[in-house]
Amino acid sequence: MASRDRSLPIFDLEIDLARAASAGDFARLVIEAPTGSGKSTQVPQMLLDSGSCGDGEIVVLEPRRLAARMLARRVAWERGGEVGGEIGCQIRFENRTSRSTRIRYVTEGILLRQLLQDPNLTGVSAVVFDEFHERHFYGDVSLARCVDVQETRRPDLKLVVMSATLQVEALNAYLGPDTTHLISDGRMYPVEIEYCPPKERHGDAVWDHVLRTLHGYYKDHGVDGHALVFLPGTHEIRKTVDLLRRASWTKGFAIHSLYGELSPQVQDAAVGPSATPKIVVATNVAETSITIDGVRLVIDSGLERRSDFDVRRGISTLTIEKISRASADQRAGRAGRTGPGRCLRLWSEGDHAAREAATRAEIHRMDLSEAVLVLKAGGIEDVRGFHWFEAPEPAALEKAHAALKTLGAIDEETEALTPLGRDLSRLPLAPRYARVLLEAARHGYLEFFAVTAAATQSRSLFPPRKRRSSDLELVDFMEPTDGSDFQALYRAWSSAKGAGFHFDTCVRMGINVNAAREIDKVARQFADIVWPLTDVPDQDSVPDAETIGRILLTGFSDRVCARLSEATLACAIVDGRRGMLEKASVAARKDVQLFLVGEMVEVEGRDVTVRLSLATRIEENWLREQFPHDIQERAGAAWDDSTRRVVARQEKRFRDLVLESRQRGEVPREQAAEILAEQVAAGNLVLKKWDPEVEQWIARVNTLASFFPEYEIARIGDEERRLILTQVCDGAMGYKDIKERPVRPVLREWLPPHQSGLIERLAPERVQISKDRSVKVTYDPAGGKPKIAVLIQHLFGIKTTPTISDGRIPLVVEILAPNSRPCQTTEDLAGFWAGSYAGVRAQLRGRYPKHAWPEPDEV
DNA sequence: GAGCACTGC
């Protein structure tokens with residue numbers, strides 16, 4: 001028989017909640033309650049039973065699909081019904097609701113999309129935000145929208161925000177003085193916390209520290225229950241598990257890894273009941289998404305891989321960061337769910353006190369173009385002045401607006417949503433991909449692009465590589481004539497679909513069946529939305545490489561890359577950015593000069609690299625022709641206007657690219673390079689030292705430079721001899737600065753703000769530059785060598801190879817050469833490093849007096 | 001030496 005557990009701590013609030021609700025005077029309610037208090041199942045029922053919600057629906061927002069499903073099932077059971085009746089559940093691709101549904105558990109994105117369809121939330125009388133402290137992007141935006149709806153159109157709408165302690169003050173401030181505030185205690189066992197920082201003399205890796213701490217603890221206290229170890233990622237987990245399995249004292253323990261990319265079966269094995277004591281080595285999945293019964297001991301490395309968005313470069317990053325105090329408490333709490341527990345933190349108490357209280361919300365760490373588009377489509381004209389719960393950084397908003405202008409989604413001047421923007425907002429997808437899908441549909445290639453776009457949004461089609469050599473990879477699906485990595489991706493997915501998503505067949509191909517199925521569903525959703533907008537029938541064939549490249553350009557014009565030389569995978573990206581191309585890519589072939597990339601993430605692993613993947617070859621004349629022209633004819637009049645705007649925008653963009661990067665004024669070296677270039681052009685300077693690489697550069701650079709004819713003429717003058725110099729000569733001008741100052745203050749000026757944490761943790765003490773153009777970096781060994789690559793990259797704009805012997809890194813001189821005749825010979829370039837430096841220096845001194853320009857003989 | 005956390009429309 002169904003029943004509710006009335007001993008749950010949340011029932012302490014029942015009377016207060018009923019009183020607030022029946023008095024009819026609560027429009028906004030904040031409930032402070034930790035996990036395990038029963039709030040997610042009981043509060044919605046209390047609201048319903050109080051009768052204060054009339055005939056309307058109570059919508060409960062959950063951050064995870066699994067939670068929405070389980071809660072609906074539990075509550076339906078408690079009320080003696082089935083999911084789909086009085087209690088419903090709606091997540092992507094699954095809608096179990098009916099006319100009689102009164103409580104609807106949904107995932108956060110569902111409500112956001114519903115708000116676009118129906119800005120008044122007709123028929124909804126209350127919205128409950130569960131686990132709001134997790135501060136997901138969709139939850140944040142949904143709350144802000146709901147507050148707006150309540151204030152402007154629906155004063156009767158009730159808003160309930162349930163959160164752990166941390167956010168409560170901010171919430172009360174945001175929601176205003178009339179907010180009712182209720183507090184409930186959780187039910188948790190005490191967890192004793194111990195700080196175990198690494199000892200000075202060890203200075204070893206995390207995994208060694210984990211093993212020593214765990215072994216020491218078991219020796220002193222014996223084994224009681226399971227242990228859970230938190231590490232930042234799979235690399236660290238693999239190392240730790242290997243060491244644990246090899247250690248003699250772990251006999252009789254079951255040892256498991258646990259992270260999100262593992263299949264559900266393997267995850268279940270790690271989580272399931274076990275007769276022998278378990279050691280589970282996990283990432284953040286075990287912090288919120290997955291609970292493991294019987295854990296009594298938590299070992300916390302205090303680290304996580306955290307995504308961020310570097311607004312200045314427009315690049316997503318994934319770096320290893322110290323977790324916040326709130327996260328640390330959450331992790332520790334995992335030891336106290338079944339009985340009193342203990343948590344060993346592998347850092348010091350001083351370190352702990354210095355950590356941030358809570359992790360910055362997702363909205364501060366992502367590309368906001370989708371958010372801005374969704375708000376505009378929802379009728380919020382002034383997104384900058386919007387009543388955010390926490391306003392995003394202005395620079396991030398500017399970047400998002402600029403990106404939407406490039407796509408033609410908002411008007412260049414008024415910033416109002418264009419008809420094209422309206423169409424883009426209908427797609428649950430990053431706007432740039434949405435743009436590509438619309439373009440693809442006009443050419444009759446919707447399916448190919450819907451599938452490939454879906455593949456970039458969901459779990460990896462190829463699961464983490466196993467040791468078995470029989471597994472295939474994406475490369476195995478490539479053809480020699482391919483011009484895009486998306487072709488292999490599509491082929492891989494097609495073969496899974498061709499096999500009817502048959503499990504064994506897919507496993508043999510190395511393909512994750514669930515991912516392939518999900519891609520199928522997502523792609524179909526995209527197609528269903530785009531189809532009515534274009535009405536061009538899909539062609540029978542898949543697009544050829546040129547068509548793919550041209551279509552992708554409409555959404556990825558800011559992601560054009562060129563290889564720097566055939567010898568390396570290092571690439572230049574428009575806007576003066578740098579990256580490293582993935583090895584298994586069509587763009588890694590010798591004949592590819594220009595390409596665009598679907599993915600661009602700065603990843604911290606053994607070193608820190610901007611990884612470029614999902615490349616598609618393009619040709620410069622496609623850019624010149626500004627591809628959209630040719631669709632205008634096909635697409636008809638309705639599209640003309642917005643398309644023309646896109647074209648204009650793109651043309652301007654390519655002209656402005658270089659100018660922008662200069663104007664950002666990152667460091668004076670940019671200007672120094674400019675002056676040097678002028679000097680060379682005027683014949684005052686000659687190249688003294690010939691670098692054999694220069695010739696290779698010229699070919700690449702000619703291609704890139706050809707995008708910017710106006711720029712060259714405008715900036716360098718009409719001299720026939722033109723030379724664009726970037727990067728190093730510049731570094732050379734700033735040498736003395738770096739040489740004589742401890743490097744930290746320099747870094748503080750130069751590193752992007754979100755990476756300033758690097759300075760304290762890992763900055764080298766000094767950087768020295770010798771006359772032979774090699775850089776010697778003396779650094780704190782605890783900082784680790786991967787960081788050096790980052791430092792060099794930021795200091796000099798140079799990508800170094802990760803292998804560093806004896807601390808010396810060759811400083812590569814990059815000379816971006818011209819396409820005019822005289823400069824293409826070695827003689828012309830020779831002698832650049834000549835003694836005429838003195839003249840330049842005098843000029844530089846005038847323009848940038850605060851820099852101590854070195855004497856000529858020091859250079 | 002071995003490729004990168006977690007969600008979600």
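Nothing here was measured: the structure is a model prediction, and the numbers come from that model. First the proteins, then the strands, lettered A, B, ... as listed; each starts at 1.
Taking only side-chain nitrogens and oxygens, A/Thr283 comes nearer than 4.0 Å to OP1 or OP2 of B/dC6. In terms of phosphate contacts, A/Arg611 brings a side-chain nitrogen or oxygen within less than 4.0 Å of OP1 or OP2 of B/dC4. For A/Arg65 and B/dC9, the shortest distance from a side-chain N or O to OP1 or OP2 is below 4.0 Å. Residue A/Arg459 places at least one side-chain N or O closer than 4.0 Å to OP1 or OP2 of B/dT7. Close to B/dT7, at under 4.0 Å from its OP1 or OP2, lies a side-chain N or O of A/Ser289.
With sequence neighbours excluded, the residues that form a side-chain hydrogen bond (donor to acceptor under 3.5 Å, both in side chains) with A/Asn95 are A/Thr97. Partners of A/Phe132 according to the ring-ring contact (aromatic ring centres under 6.0 Å, His included) rule, which considers only residues two or more places apart in sequence or in another chain, are A/Phe389. In this structure, A/Asp268 has no salt bridge (Lys or Arg N to Asp or Glu O under 4.0 Å) partners at least two apart in sequence or on a different chain. For A/Arg325, the side-chain contact (heavy atoms from CB on, under 4.5 Å) partners two or more places apart in sequence, or in a different chain, are A/His352, A/Arg355, A/Ala357. A/Tyr433 pairs by the ring-ring contact (aromatic ring centres under 6.0 Å, His included) definition with A/Phe556, not counting sequence neighbours.
At the heavy-atom level, A/Glu582 lies under 4.0 Å from base atoms of the strands shown. Using a 4.0 Å heavy-atom distance criterion, A/Arg64 is classed as a sugar-phosphate-only contact. Using a 4.0 Å heavy-atom distance criterion, A/Ser613 is classed as making no nucleic acid contact. Nucleic acid contact for A/Ile110: sugar-phosphate only, since backbone atoms but no base atoms lie under 4.0 Å from a heavy atom of the residue. Counting any heavy atom pair closer than 4.0 Å across all strands shown, A/Gln90 reaches no nucleic acid atom. Using a 4.0 Å heavy-atom distance criterion, A/Gln525 is classed as making no nucleic acid contact.
Comparing B/dC9, B/dT7, B/dC4 by their nearest atom to the side chain of A/Val285 picks out B/dT7. Here the nucleotide nearest the side chain of A/Ser307, chosen from B/dC4, B/dA5, B/dC9, is B/dA5.
A salt bridge links A/Arg524 to A/Asp520: one of the charged nitrogens lies within less than 4.0 Å of a carboxylate oxygen.
Non-hydrogen atoms lying under 4.0 Å from DNA chain B are contributed by A/Tyr259, A/Gly260, all within residues 256-263 of chain A.
Here B/dT7 presents its C1' atom at 14 Å from CG of A/Leu318, a figure rounded to the nearest Å. Atom CG in A/Leu569 sits about 15 Å away from atom P in B/dG3, given to the nearest Å.
Comparing A/Thr288 and A/Leu429 along DNA chain B, the residue whose closest nucleotide (by nearest heavy atom) sits nearer the 5' end is A/Thr288.
Residues A/Asp485 and A/Ser585 bring a donor and an acceptor atom of their side chains to less than 3.5 Å of each other.
Within 3.5 Å, no donor on the side chain of A/Arg92 pairs with an acceptor on the base of B/dC9, nor the reverse.
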